[in-house]
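In listed order, ligands and their atoms are each counted from 1. Everything quoted here is computed from the prediction, not taken from an experiment.
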Amino acid sequence: MPTAYLSLGSNIGDAKRNLQEAVKMLDASPSIEVTKVSSIYETDPVGFTDQQVFLNIAAEVKTELSAEGLLDEAQGVEQSLGRERKIHWGPRTIDLDILLYDTDNIQSERLTVPHPYMHERSFVLVPLNEIAAGAVHPVSGKSVRELLSHTGSEGVRL
Ligand SMILES: Nc1nc2nc(S)n(CCO)c2c(=O)[nH]1
């Protein structure tokens, strides 16, 4: 069964509860099993820096869904939790990004996997390293552990 890794983030409202609800909703989907969840990390905002700190986690899921099917589920969770896309890269109640889907390399209208920025984001790599240090980025061939050794964990706190 395919294994995928997701990054989840929130910096509006009760961020911890938003993350917990998002994981619960993913696991409640009949076609998704959440098999690992990282600790919650407080992280400095990247991209649009004039906003609240984020809380970030990573999750491992097993699913028979295609990557696009998993994206549909993830976007459904975002909508259910009130995700409003006002400012690009701005604050959000919840954000779910697909990082890896097995060792697939996907470039479609809707989806790029591996996530195009995952290799340069400590707020993604620190939680992901906690649950999948040995997972391999299918484009670079580097493990999560190796990617993290290049970015460092600046701006990420347990
Ligand atoms: N620390 C941090 N910065 C972010 N900038 C954006 S956009 N996002 C949303 C995910 O792309 C985040 C995030 O989740 N955490």
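Within the structure, ligand 1 has P45 among the residues with a heavy atom less than 4.0 angstrom away.
Atoms of ligand 1 lying under 4.0 Å from any heavy atom of R121, numbered from 1 in the order shown and given with element: 11 (O). Close contacts between ligand 1 and D97 involve ligand atoms 10 (C), 11 (O) [criterion: under 4.0 Å to a heavy atom].
In N56, the part holding a heavy atom less than 4.0 Å from any atom of ligand 1 is the side chain. If you look at N11 next to ligand 1, there are no close heavy atoms at all, none under 4.0 Å.
Between L96 and the choices L26, L70, L81, the side-chain contact (heavy atoms from CB on, under 4.5 Å) rule is met once, by L26.
The 12-atom threshold is exceeded at CD of E120, counting heavy atoms of other residues, nucleotides or ligands nearer than 6.0 Å. Within 6.0 Å of CD on E154 lie no more than 12 heavy atoms contributed by other residues, nucleotides or ligands.
Between M118 and L125, the shortest heavy-atom contact is O-CG, 3.3 Å.
For the residues H115, E42, R92, M118, the heavy atom positioned nearest atom 9 (C) of ligand 1 is part of R92. Closest heavy-atom approach to atom 1 (N) of ligand 1 within the set T43, L8, L96: this belongs to T43.
Here the side chain of T35 pairs a donor or acceptor atom with the backbone of E60 at under 3.5 angstrom.
Close N/O approach between Q51 and ligand 1 is not found [any backbone or side-chain N/O within under 3.5 Å]. The shortest N or O to N or O distance between V46 and ligand 1 is under 3.5 Å.
By the 30° and 60° cut-offs, the orientation of the rings of H119 relative to H137 is perpendicular.
Taking the six-membered ring for Trp and the full ring otherwise, the centers of H115 and Y117 sit less than 6.0 Å from each other.
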